[in-house]
Amino acid sequence: MLDIRALRQAGEEITAQLARRGFAFDLDAFRALDAQRKQADVQSQDLQARRKAASKEIGKLVQSGMDVDEAKAKVAAILDEIDAQLESEVARAEGINSQLHELLLGVPNAPQDDVPDGKSEDDNVEVRRWGTPRKFDFEPRDHVDVGESLTDGKIDFERASKLSGARFAVMSGTLARLHRALVDFMLDMHTTQHGYQEVYVPFLVGPEALRGTGQLPKFEQDLFKIEGERELYLIPTAEVPVTNLVAGEIIEADAMPLKFACHTPCFRSEAGSHGRDTRGMIRQHQFEKVEVVQMVRPENSHQALEDLTGHAEAVLQALGLPYRVVILCTGDIGFSSSKTYDIEVWLPTQNTFREISSCSNFLDYQARRMQARWRNPETGKPELLHTLNGSGLAVGRTLVAILENYQNADGSVTVPEALRPYMGGLETLGAR
RNA sequence: GGAGGGGUGGCUGAGUGGCCGAAAGCACCGGUCUUGAAAACCGGCGACGGGCGACCGUCCGUGGGUUCAAAUCCCACCCCCUCCGCCA
């Protein structure tokens, strides 16, 4: 949520920033509603103040010895007059306030100044590259062909579809183990080298948590909602439960920054992506991800985004997978984010880079929605903190990248050295 | 699932109808003292919203209700704890 005070003071600038990302903020409507709100607030608060004073007067009179009924009679006329308007005025003010709140919940974050203009992912700007794509002396096969033809464990989409329909995968044997090894490897790296604390969290969350990070109210169609008495959703990313750990809390300054690493499955309906990436494991309804999340002092969040992106890159470097980092343009950036770097891994059979991590700085946008604060020692006051998160990494897509980049002419796949300790020393998948 | 206890400020915890946005302690901030620190003493110190300000409003788990007046009484719900049962 944007700061309503900033919107009052600098409405034109913020409206212009929002326009860059294609969001038409109706400043006049906002101002009209805010003016109504002010008028209604003042009016209802004035009535409440007068009523309170009259009521206190009764208390005083009774205490100075007057009979209760007599005291009530003295102010009855005033109370009657106030009560005639009070209820409707308070209701009107509450109505306008919640209308204003809902309006603000639907407004995306404003992009930072250094986020490039653009309409779609085609306008994202490459920041840097790492690694050199391998030259194959045979025709490389895509991860589906490779994964399905492994001999001691494989990918099985047919059976997955029997169980759950399209966009699910079954994995077995050494391939399933590689998938699990990736999770361990990533978590170990973030916790031992990058200073994150591992957390385990619920995979089902209530609507408040989703509201806090920004998936609700606007993007309910992207979520899987559970049938039942309780209103629960499957998490689309660990960002939701992990970031909301600090919802409604005031974090002491010496505990900052908070840095969490978390492995969870992620569930996405993929509504609106029909026909995209239908082959293979690129886009699934269920996938594993190791997420890194930070809660930092506001002045540190820009540096924190650079650090966090580096932490995700370190995983790809350790695995020897070529990648590039792009900064998302205003047309491609996520709803709650003020600035996002995507990390894209090289996929030889697509002859291109594909997203494997998304690292974002939300500034105080999520913190305001969830009332996550820290105590600033300079002012002694609770202030909104800044939140960031990034994939470190998407496990399924990392597996895809390994299958494609590490495949051999005989159909086997070399296990990246960094993963061998997690595979009982196994060096190759599919070797007889 | 059964029985009981409880949700109050950053923390602990008092408060059973008006003088309560709320005692006290801790923590924190400022000061006195001290070479410095600690201790002691003095003062300050909840959050949110509105107003240039004096101030005003809201908030004692959530939502209703009773009352001129609710942290306090009533109802419903949520959550936590203890014991019993069941269970991966």
Side-chain angles (χ1 to χ4, degrees), chain A residues 1-9 30-105 200-209 211-212 226 228-232 241 244-256 258 295 297 364 367-385:
Chain A
M1 202 157 59
L2 294 174
D3 183 359
I4 191 166
R5 276 169 294 197
L7 231 27
R8 286 181 187 126
Q9 286 164 16
F30 163 76
R31 283 180 169 156
L33 192 59
D34 194 42
Q36 272 185 58
R37 188 224 91 243
K38 184 168 175 177
Q39 192 268 342
D41 269 354
V42 168
Q43 184 129 343
S44 74
Q45 285 178 17
D46 178 58
L47 284 168
Q48 285 178 91
R50 284 166 56 201
R51 192 172 200 295
K52 230 166 123 169
S55 186
K56 284 206 165 153
E57 186 61 23
I58 296 178
K60 275 188 196 145
L61 290 172
V62 169
Q63 248 138 54
S64 66
M66 188 181 281
D67 176 73
V68 177
D69 289 328
E70 199 179 328
K72 280 166 75 169
K74 276 196 95 117
V75 296
I78 304 168
L79 286 180
D80 285 349
E81 182 208 324
I82 294 170
D83 285 347
Q85 313 164 59
L86 183 68
E87 201 175 331
S88 69
E89 280 303 320
V90 169
R92 185 166 80 93
E94 280 176 0
I96 294 171
N97 273 303
S98 72
Q99 220 182 313
L100 200 54
H101 191 239
E102 288 303 313
L103 178 93
L104 289 177
L105 281 178
Y200 172 83
V201 296
F203 305 155
L204 292 168
V205 295
E208 280 314 307
R211 192 171 266 256
I226 299 302
E229 285 183 18
R230 289 218 268 163
E231 193 180 0
L232 288 171
N244 277 284
L245 288 172
V246 296
E249 298 200 9
I250 299 171
I251 307 299
E252 292 303 329
D254 56 13
M256 301 271 279
L258 293 173
M295 293 87 177
R297 300 184 184 206
D364 60 11
R368 184 172 293 105
R369 290 169 86 105
M370 64 177 73
Q371 281 303 300
R373 293 170 293 172
W374 70 297
R375 193 171 293 280
N376 185 343
E378 283 175 23
T379 60
K381 296 285 179 193
E383 296 173 11
L384 294 172
L385 46 75

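As a basis for the values below, the full set of heavy atoms in this structure was taken, side chains included, without hydrogen atoms, waters or symmetry mates. Each chain gets a letter, A, B and so on, in the order the sequences are listed, and its residues count up from 1.
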Separation between the [atom1] atoms of [N] and [M], rounded to whole Å:
| N | M | atom1 | answer |
| --- | --- | --- | --- |
| rG9(B) | rA71(B) | P | 14 Å |
| rA22(B) | rG10(B) | P | 15 Å |
| rA24(B) | rU32(B) | P | 25 Å |
| rA23(B) | rU82(B) | P | 31 Å |
| rG15(B) | rC60(B) | C1' | 11 Å |
| rU58(B) | rC19(B) | P | 14 Å |
| rG25(B) | rA37(B) | C1' | 24 Å |
| rU16(B) | rA69(B) | C1' | 15 Å |

Going by the rule side chain to side chain contact (heavy atoms under 4.5 Å, CB included), which residues pair with [X] if we only count those two or more places apart in sequence or in a different chain?
| X | value |
| --- | --- |
| Glu249(A) | Ile251(A) |
| Arg375(A) | Ile250(A), Glu252(A), Pro382(A) |
| Arg297(A) | Ala253(A), Met256(A), Glu299(A), Asn300(A), Trp374(A) |
| Gln48(A) | Ser44(A), Gln45(A), Leu86(A), Val90(A) |

Report summary line: In numerical order, the residues of residues 35-48 of chain A whose heavy atoms come under 4.0 Å of RNA chain B are Arg37(A), Lys38(A), Gln45(A), Gln48(A)

Acceptor/donor pairs from residues 49-62 of chain A side chains to any protein atom, 3.5 angstrom cut, sequence neighbours excluded:
from	atom 1	to	atom 2	distance (Å)
Arg50(A)	NH2	Glu81(A)	OE2	3.3
Arg51(A)	NE	Asp83(A)	OD1	2.6
Arg51(A)	NH2	Asp83(A)	OD2	3.2

In whole angstroms, how far is the [atom2] atom of [N] from the [atom1] atom of [X]?
| X | N | atom1 | atom2 | value |
| --- | --- | --- | --- | --- |
| Trp374(A) | rC28(B) | CH2 | C1' | 15 Å |
| Asp34(A) | rG51(B) | CG | C1' | 14 Å |
| His101(A) | rG50(B) | NE2 | P | 13 Å |
| Leu384(A) | rG49(B) | CG | C1' | 14 Å |
| Leu61(A) | rA69(B) | CG | P | 16 Å |
| Arg51(A) | rU58(B) | CZ | C1' | 16 Å |
| Glu94(A) | rG57(B) | CD | P | 16 Å |
| Lys381(A) | rG49(B) | NZ | P | 12 Å |

Are there any protein N/O atoms within less than 3.5 Å of an N/O atom in nucleotides 9-13 of chain B, and if so, which ones and at what distance?
from	atom 1	to	atom 2	distance (Å)
rG10(B)	O4'	Arg375(A)	NH2	3.4

Report summary line: The salt bridge (Lys or Arg N to Asp or Glu O under 4.0 Å) partners of Arg8(A) (sequence neighbours excluded) come to Asp34(A)

Requested in this report: Determine, for nucleotides 17-23 of chain B in 5'-to-3' order, which nucleotides have protein heavy atoms under 4.0 Å from the base (write B), from only the sugar-phosphate (write S), or from neither (write -).
Outcome: -B-----

Query raised in the report: When you check every protein heavy atom under 4.0 Å of nucleotides 70-79 of chain B, what one-letter string (B, S, -) results, 5' to 3'?
Result: ---------S

Report summary line: Heavy-atom nearest pair, Ile96(A) first then Ala40(A), reads CD1-CB, 3.9 Å

Report summary line: All heavy atoms of Arg368(A) vs all of Leu2(A), minimum pair found to be NH1-C, 3.4 Å

Requested in this report: Inspect the surroundings of CD in Gln39(A) and state if more than 12 heavy atoms from other residues, nucleotides or ligands are less than 6.0 Å away.
Outcome: yes

Query - Whether over 12 other heavy atoms sit under 6.0 Å from Glu102(A) CD - result: yes

Any-strand Watson-Crick or G-U partner of [N], both distances under 3.5 Å:
| N | answer |
| --- | --- |
| rU66(B) | none |
| rG30(B) | rC42(B) |
| rA22(B) | none |
| rA3(B) | rU82(B) |
| rU35(B) | none |
| rU72(B) | none |

**Report entry** Flag side-chain contact, heavy atom, 4.5 Å: Leu7(A) against Leu104(A)
**Finding:** yes

Query raised in the report: Are side-chain heavy atoms of Leu258(A) and Val246(A) found at a separation under 4.5 Å?
Result: yes

Query raised in the report: Is there any salt bridge (charged side-chain N to carboxylate O under 4.0 Å, His left out) pair reaching into residues 89-101 of chain A, and which pairs are they, with sequence neighbours excluded?
Result: Glu89(A)-Arg92(A)

Cut-off 3.5 Å, no hydrogens considered: what does the side-chain donor-acceptor table look like for residues 67-74 of chain A, sequence neighbours left out?
from	atom 1	to	atom 2	distance (Å)
Asp67(A)	OD2	Asp69(A)	N	3.1
Asp67(A)	OD2	Glu70(A)	N	3.3

Query - Which residue lies more 5' along RNA chain B, comparing Pro377(A) with Asn97(A) via nearest heavy atoms - result: Pro377(A)

Query raised in the report: For Arg8(A), which contact category applies under a 4.0 Å heavy-atom criterion: base, sugar-phosphate, or nothing?
Result: sugar-phosphate

Query raised in the report: For the atom pair CG (Leu384(A)) and CE (Met370(A)), what is the distance rounded to the nearest 0.5 Å?
Result: 11.0 Å

